[in-house]
Amino acid sequence: MHALTEKEHHQLIDTVQKKAAASLFFPDAPVLHVYSGIVQKENIWISGNRIAYVGPDEPLISENTEVCRLKANQIMVPAYIEPHAHPFLVYNPLTLGRYLTEKGTMISINDNSFALAHLSGEQMEQFVHELNQAGGHSWLWWAYFENQHPSTAALEKWLKQPFVMQGGELSHWLPLKLGAEDLKDKLFAVRRSGKRMEAHLPGSSLNTLNLFAASGMTGDHESMTPRDVIHRLNLGYYTAIRNSSIRPDLPVIMSGLARHPGLDLSKLMLTNDGASLPFLHHATHAAMIRQTMDCGISMADAYRMATLNPAVYYHIDDLFGSITPGRIADINIIESLQEPEPTSVLFEGKWLVRNEKRMTDPVALDLKRYFNHADTRHLPEQYPLSPVAPIGLELQNSVITRPYPFDPVSPLSDDECFLTYICRLTGAVLNTRIRNFAHSLQALGSTYCASGDILIIGRDRAAMHAAYQEIRHGFQGITAQFDGTDAFSFSLDLLGVMSTRSMDALSPKAEQFLQAMKKNGFAFDDPFFCLFFLTEQHLPFVRLTPRGILDIKSNQLIVPTINN
């Protein structure tokens with residue numbers, strides 16, 4: 001996305017006044033008007049990357065004007081908007097953006113926390129600039145600010161960027177309740193910037209929701225029930241309804257909301273919340289719109305949740321969210337309103353997909369300039385067999401972990417595996433156990449986790465040693481040995497967390513890992529998020545950290561790591 005130049009501004013006005021020819025002309029095209037909810041035939045004129053005119057008149061046409069007649073029953077709808085994207089999860093921002101655009105979601109508001117951990121402010125700005133130059137998607141960003149990073153001054157500088165839409169998501173809610181002054185300062189910086197602020201408040205009480213609303217929170221995506229949604233709406237929150245690989249809540253919530261016919265749905269949005277592969281294929285905005293309608297929500301409201309509502313929320317409805325004059329020419333052409341996935345995609349006035357055929361090749365971008373090989377200098381030479389902690393991690397679902405005691409000298413139970421955590425930056429080690437992860441896993445080695453550290457999990461110490469050595473000698477990604485013949489290797493060449501490969505290439509590998517894990521005892525939905533979140537310090541109830549096993553609610557260390 002680039003700002004409108006003065007030349008383009010004059011060209012747009014001249015096109016409407018028939019002093020300049022339209023670049024694209026769609027005669028007599030059925031259009032979903034999201035402001036009114038009406039489908040009406042219009043003549044649509046495009047000037048460069050903007051919509052110039054919507055109405056009954058015909059434009060000035062030259063030999064350079066492309067006249068595009070829709071097929072019978074086809075309808076034009078606005079580009080879909082992803083209000084809450086996590087673009088650093090196996091896929092990378094470039095490949096995810098291209099995939100989303102081809103499925104009709106041409107704009108996304110993206111988590112910058114992973115990039116913030118690895119890039120300076122200048123590098124992050126350059127990275128965003130190169131993404132926009134690559135094109136094929138409009139990447140907009142968050143301003144993340146937890147764990148004392150970045151400084152308030154750095155946060156304020158980032159918030160001034162025109163491509164930054166919001167602060168957050170604020171997930172470490174306990175420091176705010178305890179009165180952390182640094183956090184209050186940053187909340188005020190976001191509030192003063194005029195940008196939105198997103199919270200992460202699963203299962204929160206009305207008192208907590210009130211505290212965060214008073215602190216400047218304007219949105220939350222953690223509703224799990226229709227009642228959760230109504231509580232947030234009553235307190236003024238915009239609310240994103242989620243259909244993710246770990247929280248596929250959308251069908252239950254929408255079915256419940258459909259039983260409230262007078263409910264104002266203008267503050268609701270749709271998100272897949274960074275769904276991992278292969279679930280992402282079932283959680284595009286096209287799929288979520290269809291599910292929403294199937295649950296009894298009206299057609300107009302379902303489409304608004306993916307178009308106008310997020311555009312209004314982020315103050316970008318002058319650019320996106322509707323097919324109206326002056327907006328960027330991001331348009332989906334669908335075969336019927338009941339089938340929201342587009343067969344043609346017009347992005348910034350150019351065809352990216354036409355009649356289900358890709359019209360342009362993906363633009364190359366050297367992501368390894370920013371996210372190259374992870375540092376392994378501090379890892380121990382040998383697989384560390386330091387003393388085993390007597391407290392393990394028990395999975396309640398894909399991401400929630402509770403502590404449990406065990407006798408370190410006792411044999412593994414059927415639902416247990418050994419677990420070794422190694423801090424990449426210090427070499428600190430923790431040996432413990434994990435329950436409900438797998439029952440027939442010899443060894444799994446992973447660099448895929450939120451902190452960028454090393455996880456070795458399994459029931460066979462020799463196989464775990466081999467997996468560790470593979471990582472120490474340069475492998476990045478997930479490697480697993482399930483039995484004597486069933487092996488798996490998933491290379492992630494960008495910091496051990498992302499791949500440079502296309503979504504089409506990644507999907508079969510992701511499906512293979514998912515099925516192998518379920519076959520070998522993983523009883524939950526998403527092993528990718530399970531691995532990633534074992535070191536993510538905002539989820540209940542205990543997490544692996546460089547200091548040791550941490551109780552999240554009390555911020556108390558349960559078991560320390562050991563420096564070898």
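These values consider heavy atoms only, across backbone and side chains, with no hydrogens, waters or symmetry-generated copies.
For His378 and Thr426, the side-chain atoms include no donor-acceptor pair closer than 3.5 Å. A donor-acceptor contact closer than 3.5 angstrom is absent between the side chains of Thr284 and Glu341. Side-chain contact, Gln166 with Tyr314: a donor N or O sits under 3.5 Å from an acceptor N or O. No side-chain N or O of Ser398 forms a donor-acceptor pair with one of Asp525 less than 3.5 Å apart. For the residue pair Ser489 and Lys509, no side-chain donor N or O sits within less than 3.5 Å of a side-chain acceptor on the partner. Using modelled atom types, one finds a donor on one side chain and an acceptor on the other under 3.5 Å when comparing Ser440 with Asn520. For the residue pair Tyr313 and Thr218, a side-chain donor N or O sits within less than 3.5 Å of a side-chain acceptor on the partner. At a cut-off of 3.5 Å, with distance as the only test, no side-chain donor of Ser451 or Arg543 sits close to an acceptor on the other residue.
A salt bridge links Arg192 and Glu156; the closest N-O separation between the charged side-chain nitrogens and carboxylate oxygens is under 4.0 Å. A salt bridge between Asp249 and Arg242 is present, with a side-chain N of the basic residue lying under 4.0 Å from a carboxylate O of the acidic one. Note on Lys186 versus Glu146: no salt bridge recorded, every NZ/NE/NH1/NH2 to OD/OE distance being 4.0 Å or above. Looking at Glu416 and Arg433, a side-chain N of the basic residue comes within less than 4.0 Å of a carboxylate O on the acidic one, giving a salt bridge. Remark: Asp375 engages Arg377 in a salt bridge, criterion side-chain N to carboxylate O under 4.0 Å.
Between Thr401 atom OG1 and Asn436 atom CG the span is 11.5 Å, to the nearest 0.5 Å. Here the CG-CZ distance, from Leu140 to Phe163, works out to 9.5 Å after rounding to the nearest 0.5 Å. Distance check, rounded to the nearest 0.5 Å: CD of Gln469 to CG of Leu379 gives 10.0 Å. One finds the CG atom of Asp330 at 9.5 Å from the CG atom of Leu319 (value rounded to the nearest 0.5 Å).
Relative ring orientation between Phe524 and Phe522 is described as perpendicular, the plane-to-plane angle rising above 60° on a 0-90° scale split at 30° and 60°. Between His538 and His200, the ring planes are perpendicular. Angles over 60° get that label, and only those under 30° would be called parallel. Ring geometry for Phe532 versus Phe529: interplanar angle over 60°, hence perpendicular rather than tilted (30 to 60°).
Side-chain contact between Met197 and Arg191: absent, with no pair of heavy atoms (C-beta onward) separated by less than 4.5 Å. With a 4.5 Å cut-off on side-chain heavy atoms, Leu544 and Thr561 do not count as touching. Contact annotation: the side chain of Asp185 never approaches that of Leu187 to less than 4.5 Å [non-hydrogen atoms, C-beta and beyond]. Annotation: side chain of Glu381 is in contact with side chain of Arg472 (closest heavy-atom distance under 4.5 Å). Using a 4.5 Å cut-off on side-chain heavy atoms (C-beta onward), Arg435 and Tyr404 make contact. In this structure the side chain of Asn112 reaches within 4.5 angstrom of the side chain of Met124, judged on heavy atoms.
Legend: residues meeting side-chain contact (heavy atoms from CB on, under 4.5 Å) with Ser193, ordered by chain and number and at least two apart, are Leu159, Val190, Lys195. For Pro87, the side-chain contact (heavy atoms from CB on, under 4.5 Å) partners are Pro93, Leu96, Asn110, Asp111, Trp141, not counting sequence neighbours.
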Stepwise, does the side-chain hydrogen bond (donor to acceptor under 3.5 Å, both in side chains) test hold for Thr420 with Tyr383? CA-CA 9 Å; Thr420 300; Tyr383 173 59; 2.7 Å; yes

Using the rule given for side-chain hydrogen bond (donor to acceptor under 3.5 Å, both in side chains), can you reason through Tyr238 versus His221, listing the C-alpha separation, both sets of side-chain angles and the distance that settles it, and then say yes or no? CA-CA 8 Å; Tyr238 268 73; His221 62 286; over 6 Å; no

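Closest heavy-atom contact between Met106 and Thr101: CA-OG1, 3.7 Å. The shortest non-hydrogen separation linking Gln126 to Tyr370 is CG-OH, 3.0 Å. Nearest approach of Ser244 to Arg247, heavy atoms of both residues: OG-N, 2.8 Å. Considering all non-hydrogen atoms of both residues, Cys449 and Leu455 come closest at CB-CD1, 4.0 Å. Leu430 and Pro560 get closest at one heavy-atom pair: CD1-O, 3.5 Å.
Side chain of Asn332 to main chain of Pro342: no donor-acceptor pair is present (N/O by atom type, distance under 3.5 Å, no hydrogens or angles). A donor-acceptor pair is defined here as one N or O able to donate and one able to accept, closer than 3.5 Å; such a pair exists between the side chain of Thr432 and the backbone of Ile391. No donor-acceptor pair closer than 3.5 Å links the side chain of Thr447 to the backbone N or O of Gln476. Asn92 contributes a side-chain N or O that, together with a main-chain N or O of Ser499, makes up a donor-acceptor pair within less than 3.5 Å.
You'll find the ring centres of Phe490 and Tyr448 outside the 6.0 Å limit. For Phe114 and His118, the distance between ring centers is under 6.0 angstrom. Aromatic ring centres of Trp142 and His86 lie closer together than 6.0 Å. Within the 6.0 Å centre-distance limit, the rings of Phe127 and Phe371 are counted as a close aromatic pair.
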